[in-house]
2 protein chains.
Amino acid sequence: MNITIADPQPHTMAQVLKEILLFPANGAGICPVRDVLDRIGDKWSLLIILNLGAEENLRFNELRRRVAGISQRMLTVTLRNLEADGLVDRTVYAEVPPRVEYRLTDLGHSLTGVVIGLTNWATAHTPAIAAARARFAG
Amino acid sequence: MNITIADPQPHTMAQVLKEILLFPANGAGICPVRDVLDRIGDKWSLLIILNLGAEENLRFNELRRRVAGISQRMLTVTLRNLEADGLVDRTVYAEVPPRVEYRLTDLGHSLTGVVIGLTNWATAHTPAIAAARARFAG
DNA sequence: CGGTATCCGTCGTGATACTG
DNA sequence: CAGTATCACGACGGATACCG
């Protein structure tokens, strides 16, 4: 699979951004972009989506082991939010001991494309950012 | 201009995500994806980048008018952070009254592609999320 | 015009303990 | 195993006032 983002033609890129800014209201507080970030911008959502996207489904403690450092509380909280947003499906099996499986919904899967875009940019430009920070600090 | 994200082939998509998760350490706290989000995940950075991407350059108060709702303090703080990360250039002209222009660096421009990806996803799926929320609440 | 300085409320997050 | 409940802290962001 390859993810292609067309080489940005500076001028047209600005046009696209203008259209985005015109949309409903970015001047106001309700911008679609802010909406996504309010969803995945917290500390754990993205890592959870990444992990669920990599496996068909994961149980609570499997997920907890993979997302090292997350507390039980925050895993629960974050999963509930993702479930509420329709990004994650939660299936409880009536067994003892209890088994709960989490998987991405179609909506959740559609987000992974965006996440990969973010990741590609991040890995490509993290060095440049680090350099900029060093320059700015010095 | 068109931005194309290849239609996700479920299986290969999972492969890509696995590779991402293997990278240095997502288990630990230092994930490149988290890095980007720590940068643009705050309340105002994205809107500022969007606006600077749409215009060649903008002065402080021009920017302030466009990003309605932002306080003077937060505009300053956010711009300083973006400058430190090498995403925004700040030019001070020695005039009276003072004139300060902000513009995206090349690094900053490279981010707009990602931002547009985010926006496209957002505008496309916001209704689905709203529906999910309603379902979950009810 | 383009900032800084200070104060203060709120929210996200973590630690800990307990439960069906 | 997969949670919930409670508390407590720290960072983020807003309001206000002042400055070169």
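Order of the sequence lines fixes the chain letters, A, B, ..., with proteins taken first and strands second; residue numbering starts at 1 for each chain.
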Report the C-alpha separation of B:R39 and B:D85 in whole Å, then their side-chain angles, then the decisive distance to 0.1 Å, and conclude whether the salt bridge (charged side-chain N to carboxylate O under 4.0 Å, His left out) test is met. CA-CA 8 Å; B:R39 227 134 250 131; B:D85 288 341; 3.0 Å; yes

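- In this model, the phosphate group of C:dG3 is not approached by any side-chain N or O of B:R59 to a distance below 4.0 Å at OP1 or OP2.
- Atom P of nucleotide C:dT13 and atom CG of A:L47 are separated by 12 Å, given to the nearest angstrom.
- Residue B:Y102 is in sugar-phosphate contact alone, with no base atom involved, counting any heavy-atom pair closer than 4.0 Å across all strands shown.
- Distance B:L75 CG to C:dC1 P: 14 Å, rounded to the nearest Å.
- Residue B:N61 places its side chain closer to C:dG2 than to any other of C:dG2, C:dT13, C:dG3.
- Protein chain A contacts DNA chain D from D:dC1 to D:dT6, reading 5' to 3' and using non-hydrogen atoms of the protein with a distance under 4.0 Å.
- Ranked by how close their nearest DNA chain C nucleotide is to the 5' end, A:D42 and A:P98 are led by A:D42.
- Note: CG (A:L37) to C1' (C:dG12) measures 16 Å, nearest angstrom.
- Here CD of B:E56 is found 9.5 Å from CD of B:E101. Values are rounded to the nearest 0.5 Å.
- When rounded to the nearest whole Å, the span between CG of B:L63 and P of C:dC1 equals 15 Å.
- At a threshold of 4.0 angstrom between heavy atoms, the contacts of A:R64 with the nucleic acid are absent.
- The two atoms that bring A:L107 and B:W121 nearest to each other are O-CZ2, 3.9 Å, heavy atoms only.
- Atom-to-atom, CE of A:M74 to P of C:dT16 comes out at 17 Å; the value is rounded to the nearest Å.
- Side-chain contact of B:D42 with B:S45: a donor-acceptor pair under 3.5 Å is present, judged by distance alone.
- We find that CZ of A:R39 is positioned 13 Å from P of C:dG12, with the value rounded to whole Å.
- Atom CE in B:M13 sits 10.0 Å away from atom CG in A:L104 (nearest 0.5 Å).
- Across all strands shown, A:Q72 has heavy atoms under 4.0 Å from base atoms, whether or not it also approaches the sugar-phosphate.
- The CG-C1' distance, from A:D38 to C:dT10, rounds to 15 Å in whole Å.
- Looking at A:E62, its side chain does come within 3.5 Å of a backbone N or O of A:R59 through a donor-acceptor pair.
- Residues B:V92 and B:L52 fall within the same hydrophobic cluster, defined by Ile, Leu, Val, Met, Phe, Trp and Tyr side chains chained together at heavy-atom separations under 4.5 Å.
- Rounded to whole Å, the distance from CD1 on A:I70 to P on C:dT13 is 10 Å.
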